[in-house]
Amino acid sequence: MGGYGDVKLLRDDGLRLDGRKVDEMREVKVEAGILPAADGSAWVKHGLNVAVCAVYGPMEAHPRKIQRQDRAVIDVRYNMAPFSTSDRIRPGYNRRSREISKVTAEALESVVLVERYPRSKIRVEIEILAAEAGTRCVGITAAAVALADAGIPMRDLIVGVASGKIEDTVVLDLDKAEDNYGQADLPMGILPTTGEIAFLQMDGDLSVEEYNTCMEYNLKAAREIHELMVDALKRRYNEKNGGEA
Amino acid sequence: MGGYGDVKLLRDDGLRLDGRKVDEMREVKVEAGILPAADGSAWVKHGLNVAVCAVYGPMEAHPRKIQRQDRAVIDVRYNMAPFSTSDRIRPGYNRRSREISKVTAEALESVVLVERYPRSKIRVEIEILAAEAGTRCVGITAAAVALADAGIPMRDLIVGVASGKIEDTVVLDLDKAEDNYGQADLPMGILPTTGEIAFLQMDGDLSVEEYNTCMEYNLKAAREIHELMVDALKRRYNEKNGGEA
Amino acid sequence: MGGYGDVKLLRDDGLRLDGRKVDEMREVKVEAGILPAADGSAWVKHGLNVAVCAVYGPMEAHPRKIQRQDRAVIDVRYNMAPFSTSDRIRPGYNRRSREISKVTAEALESVVLVERYPRSKIRVEIEILAAEAGTRCVGITAAAVALADAGIPMRDLIVGVASGKIEDTVVLDLDKAEDNYGQADLPMGILPTTGEIAFLQMDGDLSVEEYNTCMEYNLKAAREIHELMVDALKRRYNEKNGGEA
Amino acid sequence: MVELVPSLLRQELAALAANDERIDGRGRWDSRDIKLETNCLYNAEGSAKVTWGDTIIYAGVKFEIRTPWPDRPAQGSLMCGAELRPVAGRKYEPGPPSPQSIELGRVVDRGIRESGCIDMDSLCIIPGEKVLGVMIDIHVLSDKGNIFDACALGAIAALRTAIVPAERFDIGEDYPLAVSMTPTMCSFTRVGGRFVLDANDEEELGGDERIHITLGDEGHLHSLQKGLKGTFTPAEFDEILGIAQQRCAELANLVNSKEA
Amino acid sequence: MVELVPSLLRQELAALAANDERIDGRGRWDSRDIKLETNCLYNAEGSAKVTWGDTIIYAGVKFEIRTPWPDRPAQGSLMCGAELRPVAGRKYEPGPPSPQSIELGRVVDRGIRESGCIDMDSLCIIPGEKVLGVMIDIHVLSDKGNIFDACALGAIAALRTAIVPAERFDIGEDYPLAVSMTPTMCSFTRVGGRFVLDANDEEELGGDERIHITLGDEGHLHSLQKGLKGTFTPAEFDEILGIAQQRCAELANLVNSKEA
Amino acid sequence: MVELVPSLLRQELAALAANDERIDGRGRWDSRDIKLETNCLYNAEGSAKVTWGDTIIYAGVKFEIRTPWPDRPAQGSLMCGAELRPVAGRKYEPGPPSPQSIELGRVVDRGIRESGCIDMDSLCIIPGEKVLGVMIDIHVLSDKGNIFDACALGAIAALRTAIVPAERFDIGEDYPLAVSMTPTMCSFTRVGGRFVLDANDEEELGGDERIHITLGDEGHLHSLQKGLKGTFTPAEFDEILGIAQQRCAELANLVNSKEA
């Protein structure tokens with residue numbers, strides 16, 4: 001977190017710079033099945049963030065040494081397009097994207113019924129086309145929809161959400177300025193049906209009480225986004241089957 | 001193409017700076033079989049360019065995943081020695097050399113009877129020791145002679161040639177200054193017996209008519225160089241068999 | 001060698017800057033078996049140098065193409081920790097560490113009874129935690145002790161030692177200043193029982209006579225360090241077996 | 001490598017070609033439908049999404065301030081790169097840039113660069129000190145054939161709609177990048193023995209060599225490239241060059257219709 | 001991959017957990033013995049060796065003089081990296097940094113950075129020209145479980161005992177680096193179905209997900225990370241967060257006892 | 001790995017050695033024929049081609065203007081590297097520099113550097129601002145044994161005939177590089193149990209350890225290196241050092257005969 005402190009992020013009326021309430025998230029749009037070459041795919045716009053996800057598989061895992069006898073491996077690549085950020089970023093993976101890919105894969109393995117596909121591999125390709133804070137969460141949401149679109153069985157859809165702290169106030173879903181100048185960020189991957197947590201990172205400074213408020217906001221937001229994800233999958237299903245929602 | 005335009009490349013008598021006519025190529029020398037460690041090899045001096053090519057194989061293709069059931073793969077590496085250019089270049093491949101290696105390999109696959117060697121690999125190592133414009137063409141010529149020297153059957157010898165445009169005039173075989181300050185370059189790999197084209201690149205600016213003139217020059221030059229290639233292979237054959245040309 | 005010449009390295013009393021005689025080595029301490037995760041390990045402090053070595057194996061050699069039908073391969077990595085030098089060095093191997101790893105592996109293969117373990121691999125990991133001239137020798141000493149601690153049979157323990165030249169005088173075991181401003185360095189890996197040499201490098205300027213004096217010093221030092229190595233292994237053996245030295 | 005499918009596919013494509021038919025019913029010189037959207041990406045200074053049949057690519061333009069090369073103190077620079085990442089299709093694997101992606105980026109780059117559509121002198125801010133670098137990055141999201149033409153179209157469309165973020169760089173007010181020409185690419189693939197325009201993924205799998213032609217505003221050639229195993233005759237080239245003349249003009253019109 | 005051993009081990013660990021026991025006899029919230037040595041490495045400006053059960057790691061601090069980032073002309077920088085080299089255990093292989101080592105370094109780095117224990121402004125020497133870069137390198141020599149906590153402990157201990165080599169840099173007399181807080185990490189692993197503190201290598205091999213919690217001086221959270229396959233409930237988190245509060249305070253005391 | 005051939009070859013070489021014979025009929029201390037050409041490469045400022053039996057290598061010298069290292073403001077630099085690319089022989093594979101090629105380059109580099117034949121002070125143009133960097137690149141085109149000696153010979157010959165392109169750098173008129181000594185290398189390989197001079201490729205395949213000795217003008221040692229598995233005795237070293245003294249003087253004479 002930047003945590004500079006001298007940038008004003010809350011207005012006198014208690015609302016945030018973009019007019020949101022403290023527990024209000026940015027607008028989210030979800031589409032399933034938008035990439036013809038993929039076995040499953042999704043597009044998520046969350047605020048100004050745009051993430052696209054393609055899923056390929058299950059397919060034979062090779063090289064053989066990555067195979068697991070009793071389950072599928074989930075091979076996630078989280079990547080930011082060079083033009084997705086204010087300053088262009090060089091193509092290719094960096095330490096940040098490799099870490100996010102690792103923990104995202106582990107979160108998805110927690111919900112995909114991997115034991116149904118021994119010795120196989122499921123490729124999950126998350127591409128961030130536009131970044132405005134919170135891309136790892138948007139990527140998780142897109143991945144969950146793309147996996148569902150590919151027909152991969154899961155215990156639940158994971159939803160990526162984040163809360164944080166600005167000007168000593170807990171707020172839901174930090175935007176770019178709030179992320180740059182805020183005090184803490186708590187991204188999570190939540191199973192909305194059970195409230196379990198499959199993805200967790202956090203940095204900054206939070207007291208235990210503040211953590212609890214973040215958690216509460218995240219859970220609420222996860223349920224809202226979950227509905228949009230289910231709607232998108234229904235639309236996609238009907239489209240494929242030529243029917244109506 | 002640099003295309004600066006304010007550098008004079010044609011003399012008042014219509015000849016080029018080095019005294020060549022517009023449809024005259026630089027001097028070319030060819031030798032076959034000059035590297036004892038290789039299965040086939042060649043040395044080509046074209047103007048001040050020097051290219052050496054070693055061919056190894058056919059040999060078992062490994063790793064297995066590069067094998068083709070019905071034919072040999074041709075594995076080409078085009079490389080410029082660090083001392084081959086005016087400013088030293090760092091050892092190792094760059095994007096330019098990788099692209100040239102790819103399209104050269106594809107050109108050679110078009111003439112080698114690859115279906116005779118299923119599951120095998122033919123290595124073609126093109127090393128540019130001195131560069132003075134047109135090295136990719138010189139490399140193709142060297143590769144064709146080295147393949148023949150290695151006894152690899154081919155439909156035809158490919159010849160690397162180029163024409164281009166300087167001061168709005170089409171000329172054969174650009175030298176370094178013409179390449180730096182000219183307006184277009186059209187390198188080709190030509191099968192001199194049939195006039196087919198196995199290698200084609202072009203950059204700069206050419207009208208359709210100019211393209212046709214380039215094509216005509218290239219075909220003429222290909223036939224001239226082809227004779228030198230055949231001569232070199234005959235000398236090599238006689239040398240191996242202790243006879244006379 | 002730096003060989004600047006204008007730095008005084010010998011005192012008027014004929015002793016070296018740190019008070020050592022010309023044929024006196026720095027203090028050496030050796031411990032065996034200090035890394036619980038390894039099959040064998042050693043710690044060597046030589047002057048201010050600190051090297052740690054872990055040995056793993058013999059284990060199956062993979063990938064298969066590194067296997068040897070008639071013997072084990074010894075896979076050595078010599079690495080300097082980023083904080084081991086005055087100026088931090090970037091993590092990862094460089095040309096120097098790759099060369100040292102290669103010749104160290106070859107030296108160890110000369111004494112390990114590699115033919116006893118066909119198709120297997122023995123990993124030797126040498127980590128330099130603090131560097132004060134002569135680290136490759138300290139690494140060899142540590143590797144020999146760690147191999148013995150792992151129970152790998154050897155013809156002899158190799159000892160890493162070095163002599164060199166400062167102010168036209170041959171001296172044993174150069175320290176950092178002597179290495180920086182001296183005239184020659186002759187590191188060796190010696191089999192103390194037979195006097196054979198399994199590791200040899202040298203740079204700088206030495207006459208044949210000076211070389212012979214270095215050799216004599218090195219042999220003497222090798223025998224001294226050998227005793228410390230044997231003592232460490234005895235202590236380790238007794239410790240494992242609950243006895244006393 | 002499973003080469004059975006391509007082999008059967010080759011036979012089918014040859015049979016279709018004998019009747020002058022294509023596997024998806026198109027005529028020999030017909031293109032698939034093309035949809036071009038511009039200004040579609042937050043954070044990119046120029047952007048385009050191309051939906052070319054089932055092939056989807058994005059192109060984004062970014063600028064940077066840099067010091068000029070010593071031998072060209074008053075010129076900026078242009079760079080165009082393409083990423084063929086695993087998202088694009090089942091056959092793509094992670095790893096360093098493949099020869100395929102390098103060729104794709106370089107062929108698209110040459111077509112734009114060599115057309116002269118960007119005047120490098122116009123990118124100079126302070127001679128010898130500050131120039132603009134223009135970077136076009138192309139991202140292939142769904143490869144269902146003929147990504148070369150889709151990428152070239154996206155690149156020039158993103159470029160033609162790019163705004164130089166001068167305010168952010170403290171060099172005055174934002175302004176549209178000056179682009180004086182609309183080079184476009186037209187690619188032909190040998191399928192069933194003869195060249196066709198705009199091969200789809202099945203035609204590429206069961207086809208042979210490709211020829212990529214980039215033409216500028218006056219029908220001049222700016223870039224040529226032959227890819228894959230195979231040869232062609234001068235007569236064949238003459239024929240496809242004629243088709244390319246028409247088709248590139250249409251594509252340029254499509255790009256030009258999108259300008260601000 | 002031989003997965004038989006982990007499978008049997010999982011069964012054994014589950015059986016032990018049913019009786020609230022652990023494989024090495026510890027209680028659920030017991031840590032192994034920890035030995036912390038500082039100033040143990042010639043050439044490092046700050047150093048620590050941590051012996052945590054049979055896990056051994058070294059951390060070393062180096063400084064460099066660098067030019068500041070243009071957007072932060074009066075701030076120095078902090079970098080923390082971890083190397084999981086083949087020396088650390090049989091399962092580690094040579095090669096570029098693995099995702100495991102990247103995660104380890106980044107989680108430790110965030111805990112220290114986000115606690116604010118280093119005031120970046122205090123690392124400025126001449127604004128816009130010269131600032132200090134602080135680099136903490138962590139070297140795992142023997143991995144027998146819970147390297148995260150050992151590395152975090154070593155990193156903060158090395159930092160808290162570091163001396164800025166100002167004389168060598170010609171910027172005055174050497175002085176101790178100002179470190180205002182002692183963030184420490186506490187990790188929990190699900191073993192036999194329930195979380196335990198400080199898993200050893202066998203518990204990691206036969207266990208599931210991990211949660212890494214870094215707390216600062218006032219028990220505030222500075223870094224969280226979930227690793228590996230598995231989920232947890234908010235109630236589970238509340239419980240381990242309570243344990244972490246106690247444990248981190250003890251670890252901070254251990255570090256603070258070492259200062260010069 | 002096919003190890004049958006080397007095994008039979010070893011037996012044959014041992015049988016020959018028992019009669020003090022070599023596989024190509026040479027005596028134990030005989031070298032193959034050597035042909036040295038210089039100034040043979042356009043664009044290189046110094047160059048040499050060495051044909052050593054059937055081994056062929058090229059060496060080229062390039063210069064660059066650079067800023068000196070802060071701690072050596074009045075000194076230029078020398079760099080010597082060798083590439084063992086796949087062109088050199090069937091056994092060489094593409095990829096990052098192998099340990100073999102790194103060792104080759106570094107051993108040749110040390111021999112030249114440590115002889116002091118280049119006075120680094122003489123490479124200074126403007127102290128603290130501009131110095132010359134001398135780069136020798138060696139390219140092995142055909143490896144039929146003993147590439148070390150061939151590369152060392154080519155490197156010093158290219159260096160001794162190099163012309164500093166001062167005009168191109170705008171620092172005056174071109175002038176020959178000052179090289180005050182002619183260090184040369186002599187390598188010995190254990191074949192059939194005893195060391196021989198200048199092993200060919202078969203002797204290397206069926207032989208054991210190598211010793212590389214670089215001697216300068218007065219027979220002083222400047223670089224030593226033992227490579228490959230095996231040990232040697234001090235007495236063996238004394239013998240080959242004597243041979244090297246004679247042989248290196250002959251090689252230095254060959255180089256010196258080529259100067260402008």
Side-chain angles (χ1 to χ4, degrees), chain B residues 33-39 41-43 45-60 62-63 75-93 97-98 101 121 123-133 135 139 142-143 146 150 175-176, chain F residues 2 32 40-49 51-65 79-97 101 105 133-145 147 154 158 162 165 168-169 200-201:
Chain B
I34 47 94
L35 298 179
D39 295 328
S41 60
W43 171 95
K45 186 166 188 184
H46 183 133
L48 294 170
N49 292 300
V50 176
V52 164
C53 180
V55 167
Y56 292 93
M59 56 176 71
E60 196 194 344
H62 68 106
D75 185 17
V76 172
R77 266 168 295 279
Y78 162 98
N79 179 61
M80 297 185 84
F83 45 69
S84 65
T85 47
S86 178
D87 289 331
R88 176 178 183 263
I89 47 177
R90 286 169 59 99
Y93 296 99
S97 63
R98 286 185 196 275
S101 297
K121 176 170 73 168
R123 277 174 39 199
V124 177
E125 312 289 345
I126 299 171
E127 298 288 336
I128 306 300
L129 300 179
E132 191 231 356
T135 57
D175 66 17
K176 196 173 180 183
Chain F
V2 181
R32 290 172 291 173
C40 47
L41 290 173
Y42 171 68
N43 274 335
E45 265 78 61
S47 60
K49 176 184 179 188
T51 307
W52 188 301
D54 279 342
T55 288
I56 299 176
I57 71 100
Y58 279 84
V61 174
K62 295 295 295 178
F63 294 91
E64 64 172 13
I65 299 285
M79 191 282 303
C80 180
E83 287 195 82
L84 268 172
R85 297 174 40 69
V87 68
R90 183 176 279 256
K91 71 182 173 191
Y92 294 106
E93 298 190 347
S101 72
V134 185
M135 281 149 313
I136 312 169
D137 286 288
I138 306 168
H139 216 45
V140 179
L141 290 189
S142 174
D143 175 4
K144 298 291 271 185
I147 52 177
R168 183 149 63 86
F169 294 150
N200 70 18
D201 53 333

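Fair warning: this is a prediction, and the values are worked out from it, not measured in the lab. Residue numbers start from 1 in every chain, and the chains themselves are labelled A, B, ... in the order their sequence lines are given, proteins ahead of strands.
- Rounding to the nearest 0.5 Å gives a distance of 9.5 Å between CD1 of B:I128 and NE2 of F:H139.
- In terms of heavy-atom pairs under 4.5 Å with chain F, the best-connected choice from B:P82, B:S86, B:A81, B:C53 is B:S86.
- The line from CZ of B:F83 to CG of F:N43 is 10.5 Å long, rounded to the nearest 0.5 Å.
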Legend entry - Working for side chain to side chain contact (heavy atoms under 4.5 Å, CB included), residues F:K49 and B:L129: CA-CA 11 Å; F:K49 176 184 179 188; B:L129 300 179; over 6 Å; no
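- Inter-residue side-chain proximity for B:P91 and F:R85 is flagged as unmet; no heavy-atom pair is nearer than 4.5 Å.
- By the side chain to side chain contact (heavy atoms under 4.5 Å, CB included) test, F:A82 pairs with F:L104, F:I138, sequence neighbours left out.
- With sequence neighbours excluded, the residues that form a side chain to side chain contact (heavy atoms under 4.5 Å, CB included) with B:L48 are B:E132, F:Y42.
- The shortest heavy-atom contact between B:A37 and F:A88 is CB-O, 3.6 Å.
- At a 4.5 Å heavy-atom cutoff, the contact between F:E83 and chain B is made by side-chain atoms alone.
- Per-residue heavy-atom pair counts under 4.5 Å with chain F were compared for B:G92, B:G57, B:A131, B:A54, and the maximum is reached by B:A131.
- We find that F:D137 and B:R90 are not joined by a salt bridge, their nearest charged nitrogen and carboxylate oxygen being 4.0 Å or further apart.
- Residue contact with chain F, scored on non-hydrogen atoms closer than 4.5 Å, is absent for B:K45.
- With a 4.5 Å cut-off on non-hydrogen atoms, F:I56 touches chain B through its side chain but not through its backbone.
- A heavy-atom distance below 4.5 Å is found between the side chains of B:L35 and F:V87.
- Distance alone, capped at 3.5 Å, places no donor-acceptor pair between the F:K62 side chain and the B:S84 backbone.
- Residue B:V50: no heavy atom, backbone or side chain, is found under 4.5 Å from chain F.
- Counting heavy-atom pairs closer than 4.5 Å to chain B, the top residue among F:P86, F:C40, F:A44, F:A59 is F:P86.
- In summary, B:D39 and F:R90 engage in a salt bridge, as defined by a charged side-chain N under 4.0 Å from a carboxylate O.
- B:R88 has its side chain out of reach of F:V61: every pair of non-hydrogen atoms, C-beta onward, lies at least 4.5 Å apart.
- Only the backbone of B:I34 comes within contact range of chain F, with at least one heavy atom under 4.5 Å from a heavy atom of that chain.
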